[in-house]
Amino acid sequence: MDHVSEEIEELVLDAIISVLKKIRKRNLAYINSLNFTQNDINF
């Protein structure tokens, strides 16, 4: 039973890491789009 718990824990942690990476990627893309928009306004 401990082995099953460990496997489930690893799967959950992998899923959380994957979600956090996707959120980070989207946030960086959003921040970059804001910077691009601000630079366009300044010119």
Side-chain angles (χ1 to χ4, degrees):
M1 196 63 177
D2 285 336
H3 182 69
V4 173
S5 296
E6 288 176 17
E7 290 293 322
I8 291 172
E9 183 178 337
E10 281 189 41
L11 287 172
V12 169
L13 291 175
D14 287 346
I16 291 171
I17 290 170
S18 177
V19 168
L20 290 174
K21 284 181 180 179
K22 288 180 182 180
I23 291 171
R24 181 178 184 266
K25 184 177 177 181
R26 288 183 184 171
N27 284 345
L28 288 174
Y30 177 71
I31 288 168
N32 287 335
S33 72
L34 287 179
N35 288 336
F36 182 72
T37 303
Q38 289 174 354
N39 288 337
D40 284 348
I41 292 171
N42 289 335
F43 288 113

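Below, all heavy atoms of this structure are taken into account, side chains as well, without hydrogens, waters or symmetry copies. In this chain, numbering begins with 1 at the start of the sequence shown.
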Shared-cluster residues of [X], by chain and number - hydrophobic side chains joined below 4.5 Å:
X	value
Ile31	none
Ile16	Val4, Ile8, Val12, Leu20
Leu28	none
Leu11	none

For Ile17, all residues meeting side chain to side chain contact (heavy atoms under 4.5 Å, CB included), sequence neighbours excluded: Lys21
Ser33 side-chain N/O to Tyr30 backbone N/O, donor-acceptor pair under 3.5 Å: yes
Rounded distance [0.5 Å steps], CG in Asn27 versus NZ in Lys22: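 Between Asn27 CG and Lys22 NZ, I get 14.5 Å after rounding to 0.5 Å.
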